[in-house]
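Here is the structure we will look at.
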Amino acid sequence: MASLRGASALLALLVASTLAADFVTFNGQIFTPGFAILDAPQPGTPLGGDTIEVALDVSADGKLNLPPYNPDSPSLIHNITIFLYSYDTGRNFTITNGTATANNETLGDIMLSEPGSTVKHVKWTWPDCLIGDGKPDGSNSDRGDYNISIRQNFRLNNNDHYTIFDVPISVTNSIQFVGNNPACDSVNNPLLTPEEINATAANSVGILFAPGDATRIQQTTDSGVARLTAFEWRSAAIGLLALGGLRLFAF
């Protein structure tokens with residue numbers, strides 16, 4: 001009985017975490033309101049180097065087919081776009097909106113990259129105003145705290161969704177000029193307020209496909225063969241008892 005109470009409490013914590021937009025992780029993977037699972041970076045990571053790198057599993061850990069999709073499939077990913085924004089600096093950079101621009105200032109459709117791979121490695125050259133080392137050196141600096149914003153446009157069991165998942169990082173490690181750093185103004189967009197974005201409403205579908213989630217995926221292969229992918233524990237509570245690596249945390 002105590003074990004069942006403990007499992008129920010853990011399940012309630014998972015649900016509460018979802019409602020509060022906290023992060024649900026297992027074995028280093030971060031689950032999102034959508035098919036994508038974030039492998040890297042981890043929340044709060046200081047970043048730098050030649051590129052910002054985002055690794056996304058776009059198959060819900062092997063449960064969703066990879067493109068090309070049957071357009072009539074009940075479940076598929078229309079597109080995934082990624083932005084880098086900061087309310088501190090007022091910047092909102094496009095990493096990828098599905099259309100590649102000259103010199104890859106913004107990247108193309110990540111779903112078409114690395115064919116056959118369930119994990120897409122997005123590598124984008126830092127824009128020139130983020131070149132530097134360390135924390136912001138003044139109020140005019142564009143370095144500092146940012147969010148990687150992952151926007152998923154997808155269909156799950158004949159219902160279309162558009163969700164927003166933000167991961168906080170800091171641009172404080174060394175970034176050098178590498179010759180093709182895009183001009184910041186060329187990749188910058190107007191920054192909407194949280195009220196205009198309304199991520200809470202957009203993410204009403206909740207965090208999906210974390211351990212213990214009983215969601216079933218209805219999908220059709222490109223040959224037209226219907227397929228039902230089910231991954232569920234005997235019960236959510238019993239499944240969660242076995243998950244010693246499940247972690248919930250927030251920023």
Side-chain angles (χ1 to χ4, degrees), residues 19-23 30 32-34 36 38 40-56 77-110 120 122-154 161-173 175 177 180-205 207 250-251:
L19 294 176
D22 295 345
F23 296 101
I30 302 174
T32 74
L38 180 66
Q42 293 294 302
T45 302
L47 298 180
D50 293 344
T51 60
I52 179 172
E53 301 185 10
V54 180
L56 288 175
I77 296 175
H78 296 296
N79 58 69
I80 296 176
T81 57
I82 305 176
F83 300 87
L84 181 70
Y85 78 89
S86 169
Y87 284 115
D88 291 341
T89 67
R91 292 290 197 174
N92 181 23
F93 302 124
T94 299
I95 295 178
T96 171
N97 62 3
T99 303
T101 57
N103 299 318
N104 281 328
E105 287 191 349
T106 62
L107 304 178
D109 188 348
I110 69 168
K120 307 302 181 182
V122 180
K123 299 181 180 182
W124 182 63
T125 303
W126 295 103
D128 58 7
C129 62
L130 299 183
I131 291 172
D133 193 7
K135 296 181 179 180
D137 55 8
S139 59
N140 292 326
S141 175
D142 284 312
R143 292 171 60 85
D145 293 332
Y146 277 80
N147 285 286
I148 297 171
S149 190
I150 300 166
R151 315 290 179 90
Q152 299 179 66
N153 183 4
F154 64 96
H161 302 275
Y162 179 84
T163 64
I164 302 167
F165 187 75
D166 290 348
V167 182
I169 56 96
S170 62
V171 181
T172 50
N173 285 357
I175 296 173
F177 178 70
N180 63 336
N181 303 77
C184 279
D185 289 344
S186 71
V187 293
N188 193 46
N189 309 280
L191 184 59
L192 301 179
T193 67
E195 292 75 20
E196 290 172 317
I197 295 172
N198 198 1
T200 300
N203 296 343
S204 59
V205 67
I207 300 296
F251 278 76

The reported gap from CD1 in Ile175 to OG1 in Thr51 (rounded to nearest 0.5 angstrom) is 9.5 Å

Closest heavy-atom pair, Ile148 versus Pro41, reported as atoms and distance to 0.1 Å, is CD1-CG, 3.7 Å

Closest non-hydrogen atom pair, Cys184 against Asp128 | N-OD1, 3.1 Å

Between Asn189 and Tyr85, does any side-chain donor sit less than 3.5 Å from a side-chain acceptor?
-> no

Quick one: closest heavy-atom pair of Ala36 and Ile80, and the distance?
-> CB-CD1, 4.2 Å

For the pair Asn103 (side chain) and Glu105 (backbone), establish whether a donor and an acceptor sit closer than 3.5 Å, ignoring hydrogens and angles.
-> no

Can you name the nearest heavy-atom pair linking Ser149 to Ile164, along with the distance?
-> OG-CG2, 3.8 Å

Would you call the rings of Phe93 and Tyr146 parallel, tilted or perpendicular, where under 30° means parallel and over 60° means perpendicular?
-> parallel

Audit row: Ile150, Thr32, side-chain contact (heavy atoms from CB on, under 4.5 Å) steps and yes/no = CA-CA 9 Å; Ile150 300 166; Thr32 74; 5.6 Å; no

Test Ile169 against Leu84 for side-chain contact (heavy atoms from CB on, under 4.5 Å), laying out the working first.
-> CA-CA 10 Å; Ile169 56 96; Leu84 181 70; 4.2 Å; yes

Backbone of Asn92 reached by a side-chain donor or acceptor of Asn188 within 3.5 Å | yes

Verdict with supporting geometry, Leu38 and Phe23, side-chain contact (heavy atoms from CB on, under 4.5 Å) = CA-CA 11 Å; Leu38 180 66; Phe23 296 101; over 6 Å; no

Short question: side chain of Arg91, backbone of Arg143 - any donor-acceptor pair under 3.5 Å?
-> no

Just wondering, do Phe83 and Thr94 contact through their side chains at under 4.5 Å, heavy atoms?
-> yes

Quick one: CG on Asp142 to OG1 on Thr89, what's the gap to the nearest 0.5 Å?
-> 5.5 Å

Asn173 side chain vs Pro46 backbone, donor-acceptor pair below 3.5 Å | yes

Side chain to side chain, Pro127 and Asn181, heavy atoms closer than 4.5 Å | no

Where do Pro33 and Val205 come nearest, in terms of heavy atoms and distance?
-> CB-CG1, 4.1 Å

To the nearest 0.5 Å, tell me how far Ile77 CD1 sits from Leu56 CG.
-> 9.0 Å

So, does Ser141 use its side chain to make a donor-acceptor pair with the main chain of Gly138 at under 3.5 Å?
-> no

Do any N or O atoms from the side chain of Ser86 and from the backbone of Asp145 form a donor-acceptor pair under 3.5 angstrom?
-> yes

Determine the minimum heavy-atom distance between Tyr162 and Arg151, stating which atoms define it.
-> OH-CB, 3.3 Å

Distance from Thr200 atom OG1 to Glu195 atom CD, nearest 0.5 Å?
-> 10.0 Å

Between the side chain of Thr96 and the main-chain N/O of Gly108, is any donor-acceptor distance below 3.5 Å?
-> yes

Please test Asn203 against Phe165 for side-chain contact (heavy atoms from CB on, under 4.5 Å), starting from the C-alpha separation and ending with a verdict.
-> CA-CA 8 Å; Asn203 296 343; Phe165 187 75; 5.8 Å; no

Without swapping roles, check the side chain of Trp126 against the backbone of Gly48 for a donor-acceptor pair under 3.5 Å.
-> yes

What distance do Lys123 atom NZ and Ile52 atom CD1 have between them, rounded to the nearest 0.5 Å?
-> 13.0 Å

Do Asn104 and Thr125 have side-chain atoms, one donor and one acceptor, less than 3.5 Å apart?
-> no

Interatomic distance, CD1@Ile110 vs CD1@Ile82, rounded to 0.5 Å, equals 4.5 Å

